[in-house]
There are 2 protein chains.
Amino acid sequence: MLVVLDQVAIDGVRSAQRSSGGSSLLDVARAAQVDPSTVSRVLRDDPALRVRPTTRERILAAAAELGYVPNVNARGLALRRTTTLGLIIPSTANIVYEQIIKGAEAAARQAGYVLVLAESADVGAVDSAHRELILGGRVDGLLIASGTLHESLPPPLLNGLTNCVILNRRIRGSLPSIIEDDERGMARAVEHLVGLGHTRIACLAGPDEVDTATRRLAGFKQAMRAAALPIRRGYVERASFDEAGGYEATLKLLALARQPTAIAASSIVAAIGALAACHAAGVTVPEEVSLIAFHDATIAQYLTPSLSTIWMPLFELGEMATRQLLLMIDGQEIPSVQRLEDPEPRVISRASTAPPRR
Amino acid sequence: MLVVLDQVAIDGVRSAQRSSGGSSLLDVARAAQVDPSTVSRVLRDDPALRVRPTTRERILAAAAELGYVPNVNARGLALRRTTTLGLIIPSTANIVYEQIIKGAEAAARQAGYVLVLAESADVGAVDSAHRELILGGRVDGLLIASGTLHESLPPPLLNGLTNCVILNRRIRGSLPSIIEDDERGMARAVEHLVGLGHTRIACLAGPDEVDTATRRLAGFKQAMRAAALPIRRGYVERASFDEAGGYEATLKLLALARQPTAIAASSIVAAIGALAACHAAGVTVPEEVSLIAFHDATIAQYLTPSLSTIWMPLFELGEMATRQLLLMIDGQEIPSVQRLEDPEPRVISRASTAPPRR
DNA sequence: CTGTTAGCGCTTTCAA
DNA sequence: TTGAAAGCGCTAACAG
């Protein structure tokens, strides 16, 4: 195939101009001695095309020889879409997002899309991301899993946005969202503790303004009511979803006159802080206090004691949100709030939960 | 400014065609009654341009009114560059990458670039990412922090690649890399342990084929030699850089006839596994065994006991790599291997290290 | 100081 | 079964 290479060389001056040294569709066309449009059709397997096999061969060979890679900018410009989706997360450091990312990536890849990640914890994220990424033509749609979004987000921010779906936040306005069944997950945690015989159960709740925190707390309250158990004074502590938040809040719970015998934490990261607080306060887990955390992650089984958790279908959440987004991009109507109910939340019981001491 | 809006409405048919409902430079030009090229110049602050203030005003007002956002595809096509950089990491879940990402992001943003993240642990990552991302025109350059890269990577893979820099891996071939001083970091860990009086020090080393693991082990050996301490049989365990790897390897170390009194782990994630293994084996930390880990992270202070670590300049690594990449994109020659020496590695001493028991 | 023009690489009618 | 031509939105000479 030196012939082909030679042609490239002859035309080198022009090809060398290209973005990054690659060869263009035009180069392939010349090498295969056909019109660029034919190359385009062959390379994209245009169904409305019956091309002579030998021509197709020539084209494919030339493309392979030249290491042709289509330029997404040119294609995006012509098609008015990039096959790229964006996923906005508040922090790459948070283990909870790992599974969501994997699920979204899988669904995107399956549909022939590329997924790019953007990090932003900002409340204004939706709006500016929409500007920068969608209007800017970088992505066709946006998955938004940013943490601080909540119902009281200024409505004007969300006006006229399209091709966005929110993950696990309910936001007043027109943007559809996919949410996991946090109420049920938290209820499972309570049921697990009740099943072990606990009655003095406290809740390490998340920040007031975070929708998931609200829903988990609601699940806690429902389950306590269902078990006919009182929620004692001071038994609900609101704290940020990080180690420090869990630590401080737990110290407060442990300082109560009537200490809880079990704590249900709405976040695994906060639970890690809670565990540290128990150790620091000289309170043994699970002997004196049982601890269970919302969301599972690898680290749970490597803590001491290993941490009981509520597994949630995060991978599936990422997948489902992506599929909905693709439908939306496709111009279809999608429901404004969808709850993911299928793989149900389930308790992964490890060493941090046990019956209360007599 | 209803006038402007009216004009848009009149021209709505055409503007509506645009990628995602936004308005184009042409729309702005019409609204401001000037030529598109003038709009382009004004909006990009073309230095070689002295425009009449009133014209500029009109243009800026029109752009604001229309919510104009430039289309990156069109711009990328015209300029043959995208002002976007890619960062390839093996896993978003690994806490070690958090700081690298932040550093790269900061440096990219400062230069007016956008950073996108791609997840790939694959050895072929460099090659396929170069194809997909650089040749495809998605990004102008690539930061590669993929974990399994190593010196024995098939050289042909790296041929002709450009605008890539490798983070913290030395790779035979032409790709420049920025590395942190892992030898020194690990030496600091050993010195810390020696300073506490330890002599039976083991090393939880990383996988053979990972360059950073090799360098950290080298640092361990040098420091042991410098302290005139022997490395006993079985005192170097190679394990994967994850909790499970650290767990298993530590069990082996603890099963040795002559148990080490201290363990230097080449990875904080492996160290979490090591801590779990000590607890499981009933070995107290730091009383019976001291433990120190390479790389610091928030979780270190929330483990029990809190984990002593070696802080490494990861943020700066991300920053520096990005700056080098930008130089490379700019056509400048950059050194093939650069070692980041400035913020020095330092020991963060917490509760997991203490003098050995008498 | 501003308009004209050509083109970036690809897709897509419309012709042949 | 293939080619010609126009256009996606923006930039960059080159004129005026």
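Throughout, a chain's letter reflects where its sequence line sits, starting with A, and its residues are numbered from 1.
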The side chain of A/Ser24 is closest to which nucleotide in this list: C/dG9, C/dT12, C/dT2? C/dG9
When you measure from the side chain of A/Ala78, which nucleotide among D/dC8, D/dT2, C/dC8 comes out closest? D/dC8
For atom CZ of B/Arg109, decide whether the heavy atoms of other residues, nucleotides or ligands shown that lie under 6.0 angstrom number more than 12. no
Counting side-chain heavy atoms from CB outward, which of C/dG3, C/dC10, C/dT12 is closest to B/Thr38? C/dG3
Tell me which nucleotide among C/dT11, C/dT4, C/dC10 gets nearest to the side chain of A/Arg44. C/dT11
Send over the distance from A/Leu77 CG to C/dC8 P, rounded to a whole Å. 13 Å
Between B/Arg41 and A/Ser40, the residue closer to the 5' end of DNA chain C by nearest nucleotide is B/Arg41
Rounded to the Å, how far apart are B/Leu26 CG and C/dG3 P? 13 Å
Gap between atoms CZ and P, on A/Arg80 and C/dT12 respectively (whole Å): 9 Å
Looking only at side-chain atoms of A/Thr55, point me to the closest of D/dT2, C/dC10, D/dG3. D/dT2
Atom CG of B/Leu135 to atom C1' of C/dG9: distance rounded to whole Å? 14 Å
Atom-to-atom span, CZ of A/Arg30 to C1' of D/dG3 - whole angstrom: 15 Å
Just the rounded figure in Å: distance from P of D/dC10 to CZ of B/Arg81. 16 Å
If I take atom CD from residue B/Gln324 and atom CD from residue B/Gln332, how far apart are they, to the nearest 0.5 angstrom? 9.5 Å
Considering the options A/Ile166, A/Leu317, A/Asn168, which one meets the side chain to side chain contact (heavy atoms under 4.5 Å, CB included) requirement together with A/Ile179? A/Asn168
Of A/Asp35 and A/Asn73, the one whose closest nucleotide on DNA chain C sits nearer the 5' end is A/Asn73
Among C/dT11, D/dC10, D/dG9, the one nearest B/Tyr68 by side-chain distance: D/dC10
Take the C1' atoms of the five end pairs on each side of the helix from C/dC1-D/dG16 to C/dA16-D/dT1, get both axes, and report the angle to 10 degrees. 40°
Identify the residue among B/Val39, B/Val34, B/Asp35 that makes a side chain to side chain contact (heavy atoms under 4.5 Å, CB included) with B/Ser37. B/Asp35
Distance, rounded to the nearest Å, where A/Glu57 contributes CD and D/dT2 contributes P: 13 Å
Please give, in whole Å, the distance from D/dA12 C1' to B/Leu43 CG? 16 Å
Less than 3.5 Å apart, any donor N or O on the side chain of B/Thr83 or B/Arg75 sitting next to an acceptor on the other? no
Looking at A/Arg169, is its backbone amide N or carbonyl O close enough to the side chain of A/Ser177 to form a donor-acceptor pair, meaning the two atoms are under 3.5 Å apart? yes
Would you say A/Asn73's side chain and B/Gly76's backbone share a donor-acceptor pair under 3.5 angstrom? no
